[in-house]
Number of protein chains: 2
Amino acid sequence: MRERANRTTIRRVAREAGVSVTTVSNYLNGRHSQMSAATRERVREAIQRLGYHPNHVARSLATRRTATIGLIISELTNALYPPVILGAEAACRHAQYSLLLANAPDAESERRAVELMRRKQVDGLILFSVSFIDIANDHLLCAHEEGVPIVVINRTMPEGAPIPRVMLDNFRGAYLATRHLVELGHRCIAHIAGPANRFTGLDRRAGYLAALAEAGLESTSALVLEGDYSFESGYRAMHALLDHRPSAVFIGGDAMALGALRAIRDAGLRVPDDLSLVAFGNPDFVHYATPALTTVDLPIVEAGKIAVELLLERIAAPETPGETRMLAPRLLVRESTAPIA
Amino acid sequence: MRERANRTTIRRVAREAGVSVTTVSNYLNGRHSQMSAATRERVREAIQRLGYHPNHVARSLATRRTATIGLIISELTNALYPPVILGAEAACRHAQYSLLLANAPDAESERRAVELMRRKQVDGLILFSVSFIDIANDHLLCAHEEGVPIVVINRTMPEGAPIPRVMLDNFRGAYLATRHLVELGHRCIAHIAGPANRFTGLDRRAGYLAALAEAGLESTSALVLEGDYSFESGYRAMHALLDHRPSAVFIGGDAMALGALRAIRDAGLRVPDDLSLVAFGNPDFVHYATPALTTVDLPIVEAGKIAVELLLERIAAPETPGETRMLAPRLLVRESTAPIA
DNA sequence: CACGTCCTCTGTACCGTTTCACTAAACCGG
DNA sequence: CCGGTTTAGTGAAACGGTACAGAGGACGTG
């Protein structure tokens, strides 16, 4: 067999150490049991001397595993994605997996990303999605059908779909936020909602309504305004809401909450003296406002972590049925809420 | 040759289409020129019928390229990393590359990450580093020596190191911020600096001093306090600074700036009426404060993008010498700065 | 001493592509 | 009709590992 002299492969190491290729392979894969200390030492030294780096690509071809999982994110501009990456990367690293990352801003590029990652032979796929209520899933179901383990985060799936989901309990979070206001004695509680084409917005709105209903309070539609998660939309909504003189507002977003805070300031009112405020979302973002906003914190780092764990389970045991993991939010009470005057 | 019946490979496609493996390979790689329309169609149809997905791992083994680059980030908890990923991912996708992501919180895990990515045969490596002034580079220089294209972002390297760098001009940013305050008529300008073991902190401090010197202003050491980039440290530093009655403060960080703002509020003073403030860093974070903070914006998304571009150049032409790309910051004037009363 | 067992180590087919060297047929001008 | 060129397509050796089946020797046992 002719051999290129310049590249350092497992065969070169074997020759250098005077052993067989299999022995080197055994050494590299920790199968030290069937190996004398002397041989082990010679292999170790040969590797060292040649500065050998094993080629994972060749290994993956032979073993049909890449020890890599793909993370496809719908919206890399969304503020929620960094913690997801944080959690997923840590869990991957812990399990000796690598993370292949792709952004997929629209349905078509999501399809392409899935196809690309399948070609790259990832061992599994995680999709962290934007929360649109109607979203195409056929390519995922199809990939799943063909044996690619998949887990989704924050994505609606048809009933009984075999794909595990990690969901954030938006309903519960909104409920907790609103109940907190109720418990402080507020009776006229407004809501600035997210857009109605996203289930996050809808679920939060539903949680708000449920808490009101439980307290026997009426929900006027005049007290629920819709924003688009932007600072400006929060400002506008709050400005409009001020006419109805609510004593508290639950705001279904972080940037919107800061917008609302600004609107209240500009109107010459004070938080929490004149008006209590609860936000929803990235807690850092609203923590350093003045006053620090009470907010609902979603365990997003954990969502990334759990998604990886579920995925690894599926990789180990592909037939495990799809389950939904609902993650509970926490209410962080800070300075923007107070008992009604 | 025995063949496993169940896996759909290029050989199966070839048999199905009644052509050779080479022909299918040519088809897949767009070498349509040497191919009759009829053959092309038969191959296309066979691929379709079998639901064939080409195996990039095998392809990478044969071609010795993976079309993947590795991005190693020192500090995935740092607020600067999301925009870097954003820029890098977009540039990668545009060039048909994939992005393998790893977090490397300390020197040892950075070494491991580099080694792992080399094993995975990435075509090149980007390191986005925390700005410690003394940082080990030997493993990078060594990998470079052995032919792995590398680009670093935000990292010091020994003079004349052959590794291209993308740097953010912290000095210039601080200079612009301070000059802005000078131009508004401020004469007593304080500075809350970052830690002295990071070049970002040092460069910003130097830029501040340069602008003062240029205006013929004295720099008292009492007016320069050091924080650790946290909200709390900003609060404490500002609180202490208030005794010296500066009319303006340049703060070398975003969270510290919000802390400072809070301290000013708590002291019953107003921004910008009593005190002008300029921040540094993530502009979104301080945009929605009240008042919106004037800040220095570093082009971080672009840094990720440019790093990828430099890397792709190096991949195409490995002998290109190392260069340093210094990226210019922008001063965003908002509501927290005003002419001196 | 023959035999089975354990231990250590080896040879080589195979993973699924690419690509080089090559061939058969078609074409074409003179 | 011939020699040369172009066109369309083929066969098989890499690429760098893994892992199966098995070899050879040492050792214990009856």
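Below, chains carry the letters A, B, ... as their sequence lines are ordered, and counting in each starts from 1. What you are looking at is a predicted structure, and each value in this text was computed from that prediction instead of being measured.
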message: I need the OH-P distance between B:Tyr27 and C:dG16, as an integer number of Å.
response: 21 Å
task: Side-chain contact test, heavy atoms from C-beta onward, threshold under 4.5 Å: evaluate it for A:Tyr81 versus A:Asn103 and give yes or no.
output: no
field: Atom pair distance, as rounded to whole Å: CG in A:Leu28 and C1' in D:dT18
entry: 11 Å
- request: Establish, with yes or no, whether the OP1 or OP2 oxygen of D:dT18 is under 4.0 angstrom from a side-chain nitrogen or oxygen of A:Ser25.
  value: yes
- request: Between C:dC9, C:dT17, C:dC15, spot the one nearest the side chain of B:Tyr52, thanks.
  value: C:dT17
query: In terms of side-chain heavy atoms of A:Thr9, which of C:dT17, D:dG17, C:dT19 is nearest?
result: D:dG17
- request: Give a yes-or-no answer on whether the side chains of A:His139 and A:Glu110 include a donor-acceptor pair shorter than 3.5 Å.
  value: yes
message: Check the phosphate of D:dT10 against B:Thr23, side-chain N and O only, distance under 4.0 Å to OP1 or OP2. Yes or no?
response: yes
- prompt: If you check every side-chain atom of A:Thr63, which of C:dT18, D:dT18, C:dT8 has the closest atom?
  reply: D:dT18
message: Apply side chain to side chain contact (heavy atoms under 4.5 Å, CB included) to residues B:Leu327 and B:Leu298 and explain how you reach the verdict.
response: CA-CA 8 Å; B:Leu327 303 189; B:Leu298 298 174; over 6 Å; no
- request: Check every strand shown and say whether B:Ser60 touches a base, only sugar-phosphate, or nothing at a heavy-atom separation below 4.0 Å.
  value: nothing
- request: Please lay out, stage by stage, how A:Thr68 and A:Lys120 fare under the test side chain to side chain donor-acceptor pair (under 3.5 Å).
  value: CA-CA 9 Å; A:Thr68 300; A:Lys120 296 225 165 166; over 6 Å; no
Side-chain heavy atoms of A:Glu146 within contact of A:Arg118, under 4.5 Å: yes
message: Whether the side chain of A:Arg11 and the base of D:dG17 hold a donor-acceptor pair under 3.5 Å is what I'd like checked.
response: yes
Distances for protein N or O near nucleotides 21-23 of chain D N or O, under 3.5 Å:
none

- line: Whichever of B:Asn26 and B:Leu61 has the more 5' nearest nucleotide on DNA chain C, that residue is B:Leu61
task: Verify, without hydrogens or angle tests, whether B:Tyr27 (side chain) and B:Thr39 (backbone) share a donor-acceptor contact under 3.5 angstrom.
output: no
query: What is the distance, rounded to the nearest whole Å, between atom CZ of A:Arg12 and atom C1' of D:dG17?
result: 16 Å
query: How long is the line joining CD1 of B:Ile47 and C1' of C:dG16, in whole Å?
result: 14 Å
Separation of atom CZ in B:Arg31 from atom P in C:dT18, rounded to whole Å: 7 Å
- prompt: Which listed nucleotide (C:dT17, C:dC9, C:dC15) is nearest to the side chain of A:Thr39?
  reply: C:dC9
- prompt: Which sits closer to the 5' end of DNA chain D, B:Ala58 or B:Arg42, going by the nucleotide each is nearest to?
  reply: B:Arg42
message: Taking the minimum atom-to-atom distance to the side chain of A:Arg59, which one of C:dT8, C:dT17, D:dT18 wins?
response: D:dT18
statement: note: B:Arg7, atom CZ; C:dG16, atom P; distance rounded to Å ~ 6 Å
query: What's the CZ-C1' distance between B:Arg64 and C:dT17, to the nearest Å?
result: 13 Å
query: Between A:Ile150, A:Leu125, A:Val148, which is the residue that forms a side chain to side chain contact (heavy atoms under 4.5 Å, CB included) with A:Val114?
result: A:Leu125
query: OP1, OP2 of C:dT10 versus side-chain N and O of A:Ser20: anything below 4.0 Å?
result: yes
message: Side-chain N or O of B:Ser36 versus OP1/OP2 of D:dG9: is the shortest distance under 4.0 Å?
response: yes
message: Quick one, B:Ile73 with B:Ile85, criterion side chain to side chain contact (heavy atoms under 4.5 Å, CB included). Give me CA distance, side-chain angles, the key distance, then yes/no.
response: CA-CA 9 Å; B:Ile73 298 186; B:Ile85 293 185; 3.8 Å; yes
message: If you assign each of A:Val21 and A:Arg40 to its closest nucleotide in DNA chain C, which residue comes earlier from the 5' end?
response: A:Arg40
- request: Write down the distance between CG (A:Asn55) and P (D:dA14), rounded to a whole number of angstrom.
  value: 18 Å
